[in-house]
Amino acid sequence: MIETSGMMAVLHAAILAAPSSAKEAAAFVAPETGAWWIALIPLMPIVGTILATLCAIRGIKTKLPAFLTVGCLATSFLLTVAMFLNLGDAPTITTAWEWFTLTWGEGEGQTFTANFGFYVDSLTALWMLFVTGLATLIALYASEYMSHDVGTGYCRFFAAFNLFVFSMACLVMGDNLLLLFLGWEGVGLCSYLLIGYFYRKPAAVAAAKKAFIVNRIGDLGLVMGILLTFVHFGTIEYAEIFAKAAPYIELLQAGRISEIPAIAQLIPVLLMIGAFGKSAQLPLYIWLPDAMEGPTPVSALIHAATMVTAGVYLIARTYPLFLISDIALPIVGWVGALTALLAATIGMAQFDIKRIMAYSTVSQLGYMFCGLAVLTSAGAAFHVLTHAFFKATLFLACGAVMHGFAGQLDLRKLSGVRKMKGWGIVSIAMLVGCLNLAGFPFTSGYFSKDMILAEAYATPGTALIGWILLLTAGLTAYYTFRVYFRVFEGPVEYHPGDDLHDHDHADEHGSGEEQHHDVGEHGDHHHAGFHPHAPGWAINAVLATLAVCSIAAAGLYFVNKKEHGWVGSMVHDSSANYVGTAAFLDHAAHAGGVTGDAAHEGATHAHGTFLGYDPHKVMYYVSAVVGAIGIGIAFFLHLLGRKHAETARADKVLPALGPIPKWARNKWYVDELYNFLIVRPLWVISHIFHLIDKLFVDGLVNLFGLLPRFGGSAIRPSQSGVLHGYAIGMAGGVAILMLVVLVMVLR
Amino acid sequence: MELLINPVVLYLACALGAVAVWIAAPRARISPQIIGFGVGALALGLVLAALGITTPSGIPNLYFYVFAIIALGASLRVITHPRPVYAALYFILTILASCGLYLILSATFMAFALVIIYAGAILITYLFVIMLATQAPTEDDVDALSAYDTTAREPAVAAFVGFLLVAVLGAMLFKGTASLQPLPLPTASADAPLAILPGRVADALRDADLIDDDEVVATDEDGSAMVDADLRQAIIETTEGDRRTVAWPDELSATNVEGVALSLLFRHPGTIEIAGVILLMAMLGATVLSRRQVEIDEDQKRQQAAALARGNTPAGGGS
Amino acid sequence: MNDLSSGMLTLAQSGFPEPMLQATLAHYLVVSLAMFAIGLIGFLTRRNLIVMFLCTELMFQAAGLALIAFGRYHMNYDGQTFVIFVLTIAAAEAALALALVVLLFRKKDSLDADAWSALKG
């Protein structure tokens with residue numbers, strides 16, 4: 001493979017500082033105390049939130065909050081780089097603040113400790129690098145993208161943005177499951193705040209609620225998993241969990257997996273439910289497409305690159321727990337594969353380009369989960385990294401299109417954007433992103449997807465998953481280039497979107513957009529005087545940076561190649577793979593021999609094949625061919641001979657497929673199914689409870705209010721002012737009193 | 001300790017009495033007051049008969065029954081008669097019957113005091129006020145009675161409450177009375193008041209020709225008369241200084257008036273003073289209350305105030 | 001025990017100074033109680049202010065009778081002395097009460113006790 005191009009060498013040298021100490025069989029390494037400034041990494045975003053809130057209070061109407069945010073996040077990124085460069089052999093824990101320690105006994109499992117501590121190992125560094133980096137870039141992008149909304153809304157956006165980064169940092173860097181959960185909920189909250197940013201749009205509000213609620217369903221599993229972890233292991237701090245799980249790991253390596261207690265095997269099943277909710281896998285993926293109602297920077301950062309990878313991170317972080325369970329990883333694998341396929345089929349039939357990207361996110365997340373399931377956590381992590389870059393690029397490019405065409409996202413209404421003036425960088429970025437997504441050879445997406453595919457075939461028992469993923473790869477290539485060929489290629493034609501009436505474009509026209517005279521002006525809803533608004537310097541800069549990064553990420557594959565790339569080396573030194581290290585030793589020694597689950601099989605070096613060939617070698621070619629087929633079909637159906645934006649050859653082919661395209665376009669009616677199965681009954685139940693509340697609870701309270709009234713109105717007539725009434729009262733009282741005395745005397 | 005009366009009979013009589021009063025209460029239409037009286041008499045008879053049967057030795061004088069029936073009948077009529085004047089007159093009858101009862105109980109002074117004070121003063125005052133406070137009858141119906149006179153207010157409840165009280169009181173009283181020990185006989189004889197009334201004793205002796213006109217009752221060193229009420233004798237001193245003991249005649253005995261007077265003056269002197277003060281207060285109060293407010297206009301008020309300040313007698317309208 | 005014939009002659013004495021039996025006392029108390037009850041009921045029943053006060057006088061009567069009876073039972077003069085004071089108080093109270101009734105009548109021109117029911121509360 002390509003080893004020493006100039007750029008690669010520079011990169012290699014720069015990353016030499018990265019640890020490559022996975023040569024020894026990894027026993028669990030006890031963590032050391034970390035540097036104090038690690039705690040600043042999550043702290044800077046909080047500072048950003050406070051600053052943005054202050055801007056809102058002061059009524060700032062410029063782009064100041066955005067630049068403050070970029071500053072804070074850039075600082076955080078620089079600190080993260082410093083953290084990366086300071087990585088040592090052992091993970092480090094920096095305790096920023098003692099949150100709480102509850103003790104109710106002296107024995108094991110009678111102390112509950114959770115601190116604001118930050119567990120730093122190579123997995124953390126890997127994740128934080130791209131989280132903070134992308135956050136900084138996307139904040140810069142958003143400074144221009146959201147600029148039409150300067151004022152309180154702008155500040156609100158950046159406050160939530162910063163809060164999101166803080167929560168993500170807590171999630172990734174937390175040293176115990178509770179802090180992870182705090183971050184988990186925090187990102188869910190910020191996702192809600194940001195999806196529902198346009199809170200006057202009912203669709204946005206509904207989408208935000210849907211996202212939050214579906215996440216909550218997953219969180220139930222996560223909470224139960226955390227509790228069960230505490231019950232079984234007596235602690236929720238990673239360091240101690242790994243230490244306590246070490247005996248189980250030994251059982252695993254000795255092949256006696258059945259002796260591991262059932263509870264310990266159940267824990268990862270519960271944790272994965274949370275991961276499914278957060279990372280939009282079957283059956284909890286329904287929120288992610290609707291989440292596209294939020295502004296595009298939000299979609300790019302949260303729903304492409306960072307939040308949705310939290311589920312992957314969770315599994316990677318608690319990988320030892322997953323490895324010791326018989327049932328956990330197969331479930332993860334199958335769910336991932338089916339999700340990938342399902343989302344790809346839906347994406348093929350959508351017309352909203354952001355929505356197509358959303359479904360592709362769901363699909364690629366399925367890939368990542370499959371990667372974890374087929375025991376290539378390195379592949380999964382690498383795919384996370386590359387996906388973050390290229391998906392962010394794709395989303396931001398779509399956002400630029402949306403921003404420039406007044407909210408138009410329908411690929412039947414846009415065409416030939418590449419040929420318009422000022423859209424060059426956007427088009428190139430889009431092309432780069434699409435190539436990565438489709439797995440075009442020598443792109444970073446190609447290498448990362450390839451690692452997963454190869455391992456899927458290599459690991460025994462997961463060959464079917466491999467075939468599903470391969471099919472999905474073809475579909476992915478198809479629908480990705482469907483978007484590209486429809487929107488960016490072909491005859492130039494555009495129709496403005498619905499935002500035309502909302503914004504005032506008069507003051508935002510950039511450099512000469514006079515081409516509306518020679519553009520084919522179709523239709524009657526083409527506003528006289530509308531010309532597309534090419535993106536400004538911030539958007540272009542960010543898109544360019546991200547495109548370059550996605551290309552450069554391919555180089556990471558070749559650093560530390562023996563350990564599956566730079567990412568692989570980072571992962572191997574972390575909890576995500578410390579079991580398999582022995583296996584990778586063998587792998588490195590006999591190249592192409594041993595597979596990751598040698599631990600399961602004892603001494604046998606069995607491995608799967610791809611139609612008789614060694615998957616690691618042939619997968620490069622196979623996936624390239626599949627991708628090319630997909631791109632070719634897309635070209636044929638969507639670009640060749642296309643004269644208008646509205647239709648393409650594909651529309652002639654559709655009737656032959658019968659009702660299937662319609663079902664796919666309607667998302668296989670999953671939402672309707674959920675509505676019928678879950679939402680309706682809940683509505684009924686909630687109405688019942690509402691009635692109960694009104695009648696019983698309110699009735700009870702009202703009764704308490706009525707009782708004095710009744711008592712009063714019963715007693716009030718006695719105050720009638722009539723002398724005789726009082727007299728009778730007195731006489732009767734005396735009589736009764738004497739009766740009482742008499743009875744007591746007689747007794 | 002045996003009960004003086006069977007409690008059941010007592011309660012039954014109370015119930016009957018309540019019914020009687022309720023029936024007899026005045027109503028807008030014709031009310032069967034005769035029936036009420038009949039039932040009341042029945043109730044009373046029941047109680048008294050029960051008492052009498054239980055302890056035949058304790059049956060009082062015949063005249064007790066007479067006066068009792070008159071008293072209760074008249075008092076029932078007091079409360080049931082629609083016309084206030086008649087009610088007052090029946091009250092006077094009640095007083096007279098009570099007077100009779102007092103006489104049987106040998107409270108002769110109180111009997112007459114009752115008639116004089118109550119019937120003679122208080123009731124007359126009531127009658128005057130009734131006459132003052134009666135609305136002028138209209139020309140159509142000279143004998144019209146107001147509604148508030150003719151209609152009783154909630155007679156059932158009132159009767160129930162009243163006789164509940166009576167039943168309870170009666171039960172307690174009879175229970176208490178049965179265990180009531182009579183005070184020991186007074187060490188002093190009934191004629192003890194005469195011990196400090198030497199003049200009376202001397203007059204009685206003279207009337208009986210037991211002593212001469214110029215003999216007086218002797219006094220001892222303390223100055224007290226030497227009259228012995230227990231032995232019913234007095235030591236008489238002749239003009240020469242001789243003393244001899246003379247027995248009282250049989251018919252000499254202290255009258256009730258003397259007894260009451262001495263009890264009042266010797267044993268409750270302060271109470272007399274207080275009673276006097278109370279009467280004075282009542283007189284003042286009545287006088288103040290019944291002044292008629294005269295409306296004086298502002299000028300006259302100022303004149304009066306100025307006149308008072310100068311020390312002159314106020315001229316013009318006054319109260 | 002009182003002989004009926006001698007009772008007629010010694011009307012005013014009623015066997016004095018012989019002690020009275022409890023049973024005899026009970027008879028007088030019955031009368032006193034009945035009169036008190038009737039007075040009470042009259043007070044509660046009648047609406048004419050003057051007749052109401054008349055009924056209070058009736059209650060005084062009953063109390064006086066009971067006092068005299070007890071005085072006779074215990075054979076001392078305390079009962080009668082106390083009745084003198086009861087009479088005094090009754091007179092004073094009657095005077096003031098009637099003065100007030102006159103005032104009230106002047107205000108409302110009616111002797112109805114219910115006319116003053118606006119004084120409730």
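Each chain gets a letter, A, B and so on, in the order the sequences are listed, and its residues count up from 1. Just so you know, these numbers use all the heavy atoms, side chains as well, and skip hydrogens, waters and symmetry mates.
- Test C/Leu33, C/Ile41, C/Leu40 against B/Phe163 for side-chain contact (heavy atoms from CB on, under 4.5 Å) and you get one pass: C/Ile41.
- For B/Phe109, the part sitting under 4.5 Å from any heavy atom of chain C is the side chain, from C-beta outward, and nothing else.
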Exercise for the section: Go through the steps for C/Thr24 and B/Phe64 under the test side-chain contact (heavy atoms from CB on, under 4.5 Å), then give the verdict. Expected result: CA-CA 10 Å; C/Thr24 319; B/Phe64 162 77; over 6 Å; no
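- The greatest number of non-hydrogen atom pairs below 4.5 Å with chain C, out of B/Leu264, B/Leu44, B/Thr271, is found for B/Thr271.
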Practice task
Give the C-alpha distance, both sets of side-chain angles, the deciding distance and a yes or no for side-chain contact (heavy atoms from CB on, under 4.5 Å) between B/Val47 and C/His27.
Solution key: CA-CA 9 Å; B/Val47 171; C/His27 281 81; over 6 Å; no
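- By number of non-hydrogen pairs under 4.5 angstrom with chain C, the leading residue of B/Ala159, B/Pro155, B/Gly17 is B/Ala159.
- Annotation: side chain of B/Pro84 is not in contact with side chain of C/Ile50 (no heavy-atom distance under 4.5 Å).
- For the pair C/Leu87 and B/Met110, the minimum side-chain heavy-atom distance is below 4.5 Å.
- With a threshold of 4.5 angstrom between heavy atoms, B/Thr80 approaches chain C through N, CA, C or O but not through any side-chain atom.
- Minimum heavy-atom separation, B/Ala282 to C/Leu96: O-CD2, 3.8 Å.
- Both the backbone and the side chain of B/Leu72 come within less than 4.5 Å of a heavy atom of chain C.
- Neither the backbone nor the side chain of B/Ala18 comes within contact range of chain C, judged by heavy atoms closer than 4.5 Å.
- Heavy atoms closer than 4.5 Å to chain C are found in the side chain of B/Val21, but not in its backbone.
- Of the atoms belonging to B/Ile130, heavy atoms from both backbone and side chain fall under 4.5 Å from chain C.
- Between C/Leu65 atom CG and B/Cys99 atom SG the span is 11.5 Å, to the nearest 0.5 Å.
- Interface remark: C/Ile89 contributes side-chain atoms only to the contact with chain B (heavy atom separation under 4.5 Å).
- For C/Ile84, the parts sitting under 4.5 Å from any heavy atom of chain B are the backbone and the side chain alike.
- No other option in B/Gly162, B/Gly52, B/Ser75 has as many heavy-atom pairs under 4.5 Å with chain C as B/Ser75.
- Of the atoms belonging to B/Phe128, not a single heavy atom falls under 4.5 Å from chain C.
- Proximity of C/Thr45 to B/Ile79: side-chain heavy atoms (C-beta onward) are nowhere separated by under 4.5 Å.
- Comparing C/Leu100, C/Thr81, C/Leu103, C/Leu54 by how many heavy-atom pairs each has under 4.5 Å with chain B, the most go to C/Leu54.
- The line from CE of C/Met35 to CG of B/Leu76 is 12.0 Å long, rounded to the nearest 0.5 Å.
- Residue B/Ala71 touches chain C through its side chain alone, counting heavy-atom pairs closer than 4.5 Å.
- Heavy atoms of C/Val102 lying under 4.5 Å from chain B belong exclusively to its side chain.
- Inter-residue side-chain proximity for C/Asp78 and B/Arg267 is flagged as met; some heavy-atom pair is nearer than 4.5 Å.
- Using a 4.5 Å heavy-atom cutoff, the side chains of C/Glu57 and B/Leu123 are not in contact.
- Interface remark: of the candidates B/Val166, B/Val129, B/Leu279, B/Val129 forms the most heavy-atom pairs closer than 4.5 Å to chain C.
- Here the side chains of C/Tyr77 and B/Leu262 are not in contact, with every heavy-atom distance at 4.5 Å or above.
- One finds the OG atom of B/Ser263 at 8.0 Å from the CD atom of C/Gln80 (value rounded to the nearest 0.5 Å).
- Atom CD1 of B/Ile122 sits about 13.5 Å away from atom CZ of C/Phe53, to the nearest 0.5 Å.
- For C/Ala90, the parts lying near chain B are the backbone and the side chain together; criterion is any non-hydrogen pair under 4.5 Å.
- The CZ atom of C/Phe36 lies 7.0 Å from the CG atom of B/Leu169; values are rounded to the nearest 0.5 Å.
- In this structure, C/Phe82 and B/His268 have side chains that are not in contact, with every pair of non-hydrogen atoms separated by 4.5 Å or more.
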